[in-house]
2 protein chains.
Amino acid sequence: MSISRLNPVTPGIFSKIQRTVGRANCSRAKEDRVCYAFDATRQQHLPDAVVFPANAEEVSNILQLANRHRFAVIPRGAGSGMSGGSIPVAGGLVMAMTRFARIIKIDMDNMIARVEPGVVTGVFQRAVADKGLFYPPDPSSADFSTLGGNIAECAGGPKAVKYGVTRDYVLGMEVVLATGEIVHTGVQTAKGVVGYDLSRLLIGSEGTLGVVTEITLRLLPLPKSVKTLIAFYDKMETAAETVSEIIRQGLMPRTIEYMDNASIRCVRNYLKMDMPSAVDALLIIEVDGSEAAVQQSAEAVSSLCMAKGALKVDLARTPEAAEDLWRARKSISPALYRLAPDKINEDIVVPRSRIPDMVAKIRELSGRTGLTMVSFGHAGDGNIHFNIMLDKKDSAALEKADAAVDEIFDYTLELGGTISGEHGIGISKAPYMKKEVPPQMMALMKRIKKAFDPAGILNPGKMNL
Amino acid sequence: MSISRLNPVTPGIFSKIQRTVGRANCSRAKEDRVCYAFDATRQQHLPDAVVFPANAEEVSNILQLANRHRFAVIPRGAGSGMSGGSIPVAGGLVMAMTRFARIIKIDMDNMIARVEPGVVTGVFQRAVADKGLFYPPDPSSADFSTLGGNIAECAGGPKAVKYGVTRDYVLGMEVVLATGEIVHTGVQTAKGVVGYDLSRLLIGSEGTLGVVTEITLRLLPLPKSVKTLIAFYDKMETAAETVSEIIRQGLMPRTIEYMDNASIRCVRNYLKMDMPSAVDALLIIEVDGSEAAVQQSAEAVSSLCMAKGALKVDLARTPEAAEDLWRARKSISPALYRLAPDKINEDIVVPRSRIPDMVAKIRELSGRTGLTMVSFGHAGDGNIHFNIMLDKKDSAALEKADAAVDEIFDYTLELGGTISGEHGIGISKAPYMKKEVPPQMMALMKRIKKAFDPAGILNPGKMNL
């Protein structure tokens, strides 16, 4: 669907939007448009207007209007996405889901919750934890990202190695289709196989197929006990080999995160602990389960780390100490700007056993190009957040960086990996998507897009669709 | 897509099929066609011919031929489906995936396996267990059903309450699209979000969108310890309430199966154990994990069952005793024919806390109609296999049974449930699908079907598509 065939939100259309949601719930003032122009990629594009619908009916009315007048609608959660998924590249109307902020029900008997998409992930995690329940998806942005945004990108986070990603917790949804129909996908129960699995098709579709207005999520019992370990290494390669060995032994921690030397330096202030002076990399490993099982696993992991060459393994003695560690881990991404004004940020996944190969590749590439490269991430999933820190005004550096990214993506695919594990494609990864998705699959995805959104009004220009 | 627009497999087309796969690998002899006319529903329809392709290229060639000559192709695993998904209702060519029977690789380092779709589920389960790994999906048909068939219907089984269903273990697939292109969906890694999630769209699509030719499956470490408990009750309602309480307490067994009085009577010979004479229902509860955790959970479950009114709780003392129990459980479905020559077999799911309501409803309905009703199933998921046993030649009984099914479905939906948890829609549940799926969703599913299969050649007449 060509973006160029879409129309701007004219004053006449804007009046209709005002009549739909009320004057207080939409704006085309420059100061409001600026607030909804960007996401965590620091790219930006001004929308023509912003709307804050209150319910599915209003969403439906606006989408019907958009089909009639052919203007773009860009659904948006907190704008914390890492691939430009919510940036209004074609202008149009940003639909901010801020007012869909209710936790409708936490059903302890069935271990499910009904929520609206604008609920902040962290707020929801804490609300269910208060009732002894557990919502495992946990993107680093959890303190501000929304459940709807998590669904749009299929967010993951550190606990995915044991518990899976957002996709694995969505049972059903209320969705306003691009054409305006309010429908329900999936089920409110533990199982269901009636018709095509539209819920999973919508998850990770980056707001290109429909607007989610309510979500039914599966919950787990809150693990009785959690222990957080930190293992220090004098070589990144040794840490990477340890990860493979933990998986091979079937120890199943709930997280296996790693930080390389540069990441550690960036968040050193948060890491309130004595580190061996020779440290080059570290692993944060968390085990959970019953008291007895956790004690056993923590000991097994600790012994394995030492046996595989760790300098030292520490146990976070208190919940506060573990929280400090996680605060440090979650701060890496923003803290990287201490190294350079700009960041090229990738989200590759390789088979877990190939992490040592990728680590070696990054080291070699950094040496060869002289570029500052930082990597950290969800080692247990083989999911590496690989960053090049640079000044984009330095065109020679930028050119080298682009070539390096290209080389990393090619090597990722050569190892049997994928170019995005949890950040999505949006616009940032769109130029590389064809490396992984051949033309006949792109053509099929475009036919699916058209089956949902014949006029192409919903979040145009994303994922090359 | 109207079935009537499709053509038969003429002698001319059959010659082309012979040239594609070789004379030994296709047939239109009556005796072969009869073998591929039916599934576990006991419904049947003769295909025009049967083909046994050897690889994705042959599948592609046949699908291209089908598009050119507009004949139906019906992919088939073991034909053990419970909803008629593989019955060639429109005639055409049955594509038996029997020769896709290789376990290509079990990768212990990354805990994944690459398999072909014709591999029998039980064979695969044992092959990975031999290497200390675990494939949890476990339909009752596991000893003969295939992994490809499990994907087509999104099979579940008793361990879904803790471990999820087939959908949760498929990372990626090689698929021949209805239009003949050989493509790869998903990833070979733990995570991936590149483009629309076509893997999950294909899972449960009953062979209407593509033919799976290779599968990458996620595996888990084999649990160190398993304990199997059996709890006897003098009232089905008490058993049902116990299930809700187990979930509410967050005990997370890997299975919570139940059998009602009639199921117990049917498989009594297999149940080599002393049962209290007053038994009306039983629960089979299995816990797994580390030695220590399992001991703890088994004790907690056992105490809870007794506290909630069980007559007796037994622990299977040996693996053989546990196997006997599972053999009995898996024999219920075929053994029901002891009660009557015909079976109407449903697969409803209700929120777990509403199982007692559904059990009461079934009892009331059985009393009111005088029909023999049997229920058993995956109580932990709220997934009830509800059966009416009758002689279909007795038209008065049949009419009452149809009305009873209708009433049960309406009540299921009223409770917030779904009409199929793991058996799929196929043809048996197609008349009821509209109760759950409104017209605008059916229209969308038809557009998706058309995006994959414009000529409508792949498994026509299923799921009302």
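Every chain is numbered from 1, with letters handed out A, B, ... down the list of sequences.
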ask   = For A:Ile448, is it the side chain, the backbone, both, or neither that has a heavy atom closer than 4.5 Å to a heavy atom of chain B?
value = both
ask   = chain B heavy atoms under 4.5 Å from A:Met463: which part of the residue, side chain, backbone, both or neither?
value = side chain
note = Residues A:Asn464 and A:Met433: closest non-hydrogen pair is ND2-CB, 3.5 Å
task = Select one option (side chain, backbone, both, neither) describing which atoms of B:Ile348 are under 4.5 Å from chain A's heavy atoms.
result = neither
inquiry  = Which atoms of A:Glu181 are under 4.5 Å from chain B, going by heavy atoms: the side chain, the backbone, both sets, or neither?
reply    = side chain
message = For a quick check under 3.5 Å, do B:Thr208 and B:Asn459 share a side-chain donor-acceptor pair by atom type?
response = no
query = Side chain, backbone, both or neither: which part of A:His423 has an atom under 4.5 Å from a heavy atom of chain B?
reply = backbone
Heavy-atom proximity to chain B below 4.5 Å, by part of A:Leu222 = neither
ask   = Measuring heavy-atom distances to chain B, does A:Asp109 have an atom under 4.5 Å in its side chain, in its backbone, in both, or in neither?
value = both
query = Between A:Tyr169 and A:Tyr163, is there a donor-acceptor pair closer than 3.5 Å when you use the side chain of the first and the backbone of the second?
reply = yes
query = Does the distance from a Lys or Arg side-chain N to an Asp or Glu carboxylate O, for A:Asp288 and A:Lys159, drop under 4.0 Å?
reply = no
Heavy-atom proximity to chain B below 4.5 Å, by part of A:Thr185 = both
note = Okay, A:Val437 and chain B: the region with an atom under 4.5 Å from a heavy atom over there is side chain
inquiry  = Which atoms of A:Leu177 are under 4.5 Å from chain B, going by heavy atoms: the side chain, the backbone, both sets, or neither?
reply    = side chain
Under 4.5 Å from any heavy atom of chain B - which part of A:Val161 = neither
inquiry  = Need one label for A:Ile182: side chain, backbone, both or neither, based on atoms under 4.5 Å from any heavy atom in chain B.
reply    = backbone
message = Quick check on A:Pro351 against chain B: is it the side chain, the backbone, both or neither that has a heavy atom closer than 4.5 Å?
response = both
ask   = Tell me, side chain or backbone of A:Arg218 under 4.5 Å from chain B's heavy atoms, or both, or neither?
value = neither
query = Given that the side chain runs from C-beta out, which part of B:Gln296 has a heavy atom under 4.5 Å from chain A: side chain, backbone, both or neither?
reply = side chain
message = Please classify the contact of B:Ile247 with chain A as side chain, backbone, both or neither, using a heavy-atom distance under 4.5 Å.
response = both
request  = Give, as side chain, backbone, both or neither, the part of A:Phe452 having an atom under 4.5 angstrom from any heavy atom of chain B.
outcome  = both
query = Going from OG on A:Ser420 to CE on A:Met82, what distance comes out if it is rounded to the nearest 0.5 angstrom?
reply = 10.5 Å
ask   = Which atoms of B:Asn383 come close to chain A, meaning under 4.5 Å heavy atom to heavy atom: side chain ones, backbone ones, both, or neither?
value = side chain
query = At a heavy-atom separation under 4.5 Å, does B:Glu422 approach chain A through its side chain, its backbone, both, or neither?
reply = both
request  = Please say which of B:Val193, B:Thr189, B:Val187, B:Val194 ends up in a side chain to side chain contact (heavy atoms under 4.5 Å, CB included) with A:Val349.
outcome  = B:Thr189
